[in-house]
There are 2 protein chains.
Amino acid sequence: MATRTAAQKRAEAKMEYDAFLAECPSRQLLDRISDKWVALVLAALGGDDVYPGSDRAGGPVPMRYSELARRLAGVSQKMLTQTLRSLERDGLVTRSVTPTVPVTVTYELTGLGISLHRAIRGIKLWAETHMDEVIANRERYDAPPEG
Amino acid sequence: MATRTAAQKRAEAKMEYDAFLAECPSRQLLDRISDKWVALVLAALGGDDVYPGSDRAGGPVPMRYSELARRLAGVSQKMLTQTLRSLERDGLVTRSVTPTVPVTVTYELTGLGISLHRAIRGIKLWAETHMDEVIANRERYDAPPEG
DNA sequence: CAGGATCCCGCTAGATACTG
DNA sequence: CAGTATCTAGCGGGATCCTG
């Protein structure tokens, strides 16, 4: 088929693309924090306040699974577990199991996790500073068609 | 049904959750940069080098649609257009149409876009600094089951 | 050249149920 | 309490065709 050449070109381009992305750390990190819940878990464990404005650092605070589940109300167990697993895997949080009668599992940021949390708070700061501007731009863009 | 109470509780929790998230700029920004291509477009328009290590700032560089398409090889027109639209909407990039024979469309970072780009480069820096550590942690985590 | 419209697939998030 | 296992729906995103 004549159409295959186009498809092939795309495939090739994609290969190259994927290749250089695999090397790019920022891309990998982006994949990481792009996970809807990662930033939120980090924020929670980092003692971050959820409300804008109060940008106090407050040291990292260990939390239990159920605490996190409450804090991130709306998250499914699946997502929470999955997120925590990946964070543990990357060495951003530690997972401690205390063999009490009902098992107790505690999560806590590692040094690495804290440093990332800090970097992300930079983004948060940007957002808090400029987000209203963005909102305004959106409204202007979505403005009534007639002028 | 007895099971409905559980569902309701979840629904309520989700409502609250969504409510406070809507107020949280960092969450909204996350939604923004979570889009697979946003960061890459920003990087391209920001004159960022794709390769790690070379973290030179190099001023923002205007690019045409086709240039961007080439730069982000592998992206579909749909995604590229969609991404550029949302960025334009948020006032992060400008879109200039020059009515030449074949239409010429140029995209460029706005001041706002530049500032976000800068913030994201902070993350990039973190990644370049700590990513190898993360990789190592992963390998350790995925290590052979036997000791 | 830049991008709109459409079809469609795959993945992933979410809900439910079960377990140690 | 802290998960695991399974099923499913929704939609993000890619491919293709078409337009100005």
Side-chain angles (χ1 to χ4, degrees), chain A residues 1-15 17-18 31-32 34-38 40-41 62-88 93-107, chain B residues 1-15 17-18 21 31-38 40-41 62-89 93-108:
Chain A
M1 303 75 168
T3 54
R4 275 199 51 196
T5 36
Q8 282 186 339
K9 280 192 178 180
R10 291 202 172 229
E12 287 171 27
K14 180 155 191 166
M15 292 276 299
Y17 161 74
D18 283 340
D31 281 348
R32 167 121 317 293
S34 287
D35 280 328
K36 215 173 168 186
W37 304 106
V38 167
L40 294 176
V41 169
M63 296 182 78
R64 299 181 52 182
Y65 182 90
S66 50
E67 286 184 285
L68 281 168
R70 262 193 305 277
R71 191 87 148 85
L72 309 183
V75 70
S76 60
Q77 311 97 305
K78 181 183 174 181
M79 279 303 97
L80 183 53
T81 299
Q82 188 172 297
T83 301
L84 289 169
R85 279 284 181 287
S86 80
L87 289 178
E88 185 196 1
V93 306
T94 57
R95 177 175 179 271
S96 329
V97 181
T98 313
T100 52
V101 186
V103 197
T104 305
V105 180
T106 309
Y107 293 92
Chain B
M1 300 78 167
T3 53
R4 275 201 49 199
T5 35
Q8 283 186 337
K9 279 192 179 182
R10 291 201 172 229
E12 288 170 27
K14 180 154 191 167
M15 292 276 298
Y17 161 74
D18 283 340
L21 274 191
D31 281 348
R32 166 122 317 292
I33 65 173
S34 286
D35 280 327
K36 215 174 168 185
W37 305 106
V38 168
L40 293 176
V41 169
M63 296 180 78
R64 299 182 52 183
Y65 182 89
S66 50
E67 286 183 285
L68 280 169
R70 261 193 304 278
R71 190 85 148 84
L72 309 183
V75 69
S76 60
Q77 310 96 306
K78 180 184 175 182
M79 280 302 100
L80 183 52
T81 299
Q82 188 172 298
T83 302
L84 289 169
R85 279 283 179 289
S86 79
L87 289 177
E88 184 195 3
R89 189 170 101 105
V93 306
T94 56
R95 176 175 180 272
S96 329
V97 181
T98 312
T100 51
V101 185
V103 197
T104 305
V105 181
T106 308
Y107 294 92
E108 186 169 9

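Order of the sequence lines fixes the chain letters, A, B, ..., with proteins taken first and strands second; residue numbering starts at 1 for each chain. All of these numbers come straight from a predicted model, not from anything done at the bench.
With sequence neighbours left out, the side-chain hydrogen bond (donor to acceptor under 3.5 Å, both in side chains) criterion links A:Thr83 to no other residue. Every residue meeting the side-chain hydrogen bond (donor to acceptor under 3.5 Å, both in side chains) condition with B:Arg95, not counting sequence neighbours, appears here in chain and number order: B:Tyr107. For A:Ser66, there are no side-chain hydrogen bond (donor to acceptor under 3.5 Å, both in side chains) partners, not counting sequence neighbours. Under the salt bridge (charged side-chain N to carboxylate O under 4.0 Å, His left out) criterion, A:Arg70 pairs with no residue at all, not counting sequence neighbours. Partners of B:Thr104 according to the side chain to side chain contact (heavy atoms under 4.5 Å, CB included) rule, which considers only residues two or more places apart in sequence or in another chain, are B:Arg64, B:Thr98, B:Thr100, B:Thr106.
Residues A:Glu67 and A:Pro62 share a closest heavy-atom pair of OE1-O, 4.4 Å.
Distance CE (A:Met63) to P (D:dC1): 14 Å, rounded to an integer number of Å. Here the P atom of nucleotide D:dA15 and the CG atom of B:Leu80 are 14 Å apart, to the nearest Å.
A:Arg85 is not listed as a side-chain neighbour of A:Gln82, based on a closest heavy-atom distance of 4.5 Å or more. The shortest side-chain heavy-atom distance between A:Gln77 and A:Tyr65 falls under the 4.5 Å cut-off.
If you check every strand for non-hydrogen atoms under 4.0 Å, A:Gln82 touches sugar and phosphate atoms only.
Between A:Trp37 and C:dG14 there is a side-chain N or O to OP1 or OP2 distance below 4.0 Å.
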Collect all protein-nucleotide pairs involving nucleotides 1-5 of chain C in which both atoms are nitrogen or oxygen and the distance is under 3.5 Å.
from: C:dC1; atom 1: O3'; to: B:Arg64; atom 2: NH2; distance (Å): 3.3
from: C:dA2; atom 1: OP1; to: B:Arg64; atom 2: NE; distance (Å): 3.2
from: C:dA2; atom 1: OP1; to: B:Arg64; atom 2: NH2; distance (Å): 3.1
from: C:dA2; atom 1: OP2; to: B:Ser66; atom 2: N; distance (Å): 2.9
from: C:dA2; atom 1: OP2; to: B:Ser66; atom 2: OG; distance (Å): 2.9
from: C:dG3; atom 1: OP1; to: B:Arg95; atom 2: NE; distance (Å): 2.8
from: C:dG3; atom 1: OP1; to: B:Arg95; atom 2: NH2; distance (Å): 2.6
from: C:dG3; atom 1: OP1; to: B:Tyr107; atom 2: OH; distance (Å): 2.9
from: C:dG3; atom 1: OP2; to: B:Tyr107; atom 2: OH; distance (Å): 3.0
from: C:dG4; atom 1: OP1; to: B:Arg85; atom 2: NH2; distance (Å): 2.5

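Axis orientation changes by 50° from one end of the helix from C:dC1-D:dG20 to C:dG20-D:dC1 to the other, with each end axis drawn from 5 pairs and the value rounded to 10°.
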